[in-house]
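Beneath this line is the structure, given in structure tokens, with notes to follow.
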2 protein chains.
Amino acid sequence: MMLRISKLTDYGTLVLTHMANFPDRLFSATDLAATLGLGAPTVSKVLKTLGRHDLVRSVRGLHGGYALGRPAVQISVAQIVDALEEQPFGLTECSASAGSCDFEHDCRIRANWQRINGVVRRALEDVSLADMVSPQPMVAGSDARPITGPQSIKGRVAPDQESAR
Amino acid sequence: MMLRISKLTDYGTLVLTHMANFPDRLFSATDLAATLGLGAPTVSKVLKTLGRHDLVRSVRGLHGGYALGRPAVQISVAQIVDALEEQPFGLTECSASAGSCDFEHDCRIRANWQRINGVVRRALEDVSLADMVSPQPMVAGSDARPITGPQSIKGRVAPDQESAR
DNA sequence: ATAAACAGTACTCTTTTGGTACTGTTTAAG
DNA sequence: CTTAAACAGTACCAAAAGAGTACTGTTTAT
Ligand code: FES
Ligand code: FES
């Protein structure tokens, strides 16, 4: 698709947001999966990756589980994305790789894409997990305008969703 | 991948940018392909789609070709993306579809994603084709910060790129 | 009439992503 | 000290999306 974060990342924000509601509790992967209606192995995978980036802290053994690695205020969406995509960052191929398409003009294009990337990235950095759960109406300098296009993708709750037609 | 525009869209900006340099000329698809080092059928495809959205105007018959559908200043990157992705817009599944994951909290998350979407979209709207070719140093309210991470994707010039190792 | 160029459709191949299975390690509880 | 609940890691598979190509038709200056 396009300009979409991957489902895994989406799941990540879901899970983390849920955990942020009870900063003290310890959540088992299976528990979270059941609560959120996701596949257990999938949630496990996500949590493991998040752990590698210190966004969650894990306690092993019986009665183990996961907890946020640090206060929700200190976890930005950008960090979640970075963790789960394991991908550089940049909307275009060449907004990173120097000397890909240097054939005719001295690529002013790349510079522009990089600027765009900057804006996008900052948007992601400006929203924290804490913002996700609590009101916190507006982000710093930007007033949300109603989206122009849209609305009508799929559904997220993949498993056992029948009926309805 | 992630937060990436599709290659087709990337090609689109390339092509359009090139055309913007000579607002009067008429470009044949094969001509453009040769100049930019892309596959002829691919360029054709892109141009056709762009035509459907009036970003380019086509002249059929012998000596035909393509030209910008309107002044470069009036073509934003957002429009190019919209045209070539034929996709709503929104970084997440549910930042659009109402009632996907309405199981526990009354989804404040979605609202937040929509705000993020707004910022991203505006970033794309604020850059025009004209900006791509001419200096035009800064976008309105945002000062470009150097990208944090990165740099090291692939190469765009797909065909016949050998050697180098 | 012809050839250059756009228009449209349909198909195939490759890559990416999402998801699952399996095997190992840790640790409280009995 | 045995056991079971839970995390850790790897590897694999299947489905979907992307990208590219081929083919057939239509338009029009020469
Ligand atoms: S370097 Fe990427 S468009 Fe030129
Ligand atoms: S509606 Fe999408 S996260 Fe709740």
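Below, chains carry the letters A, B, ... as their sequence lines are ordered, and counting in each starts from 1.
The residues B/Arg121 and B/Asp82 are annotated as salt-bridged, a charged nitrogen and a carboxylate oxygen being separated by less than 4.0 angstrom. The residues A/Arg115 and B/Asp131 are annotated as not salt-bridged, no charged nitrogen and carboxylate oxygen being separated by less than 4.0 angstrom.
The phosphate of D/dA19 (OP1 or OP2) has a side-chain N or O of B/Ser6 nearer than 4.0 angstrom. Close to C/dA5, at under 4.0 Å from its OP1 or OP2, lies no side-chain N or O of B/Tyr66. In this structure, A/Ser44 does not reach the D/dA8 phosphate: none of its side-chain N or O atoms is under 4.0 Å from OP1 or OP2. In terms of phosphate contacts, A/Ser58 brings a side-chain nitrogen or oxygen within less than 4.0 Å of OP1 or OP2 of D/dA8. OP1 or OP2 of D/dG20 sits under 4.0 Å from a side-chain N or O of B/Tyr11.
The distance between atom CG of B/Leu26 and atom P of C/dA5, rounded to the nearest whole Å, is 10 Å. As a whole-Å value, the separation of B/Leu8 CG from D/dA17 P is 15 Å. Remark: C1' of C/dT16 and NZ of B/Lys7 are 12 Å apart, rounded to the nearest angstrom. Rounding to whole angstrom units, CG of residue B/Leu47 and C1' of C/dA7 are separated by 12 Å. In this structure, A/Lys45 places its NZ atom 16 Å from P of C/dC22, rounding to the nearest Å.
Using a 4.0 Å heavy-atom cutoff across all strands shown, A/Gly65 reaches sugar-phosphate atoms only and no base atom.
With hydrogens and angles ignored, a donor-acceptor pair under 3.5 angstrom links the side chain of A/Arg60 to the base of C/dT25.
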Could you please spell out the steps behind the side-chain contact (heavy atoms from CB on, under 4.5 Å) verdict for A/Phe89 and A/Leu124?
CA-CA 12 Å; A/Phe89 191 90; A/Leu124 296 179; 4.1 Å; yes
Step by step, would you call A/Tyr66 with A/Met19 a side-chain contact (heavy atoms from CB on, under 4.5 Å)?
CA-CA 9 Å; A/Tyr66 291 94; A/Met19 292 172 70; 3.9 Å; yes
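Looking at which nucleotide of DNA chain D each of A/Gly61 and B/Thr9 is closest to, the 5′-most match is held by A/Gly61.
Distances were taken from every side-chain heavy atom of A/Leu62 (C-beta onward) to each of C/dA28, C/dC6, C/dT9; the shortest belongs to C/dA28.
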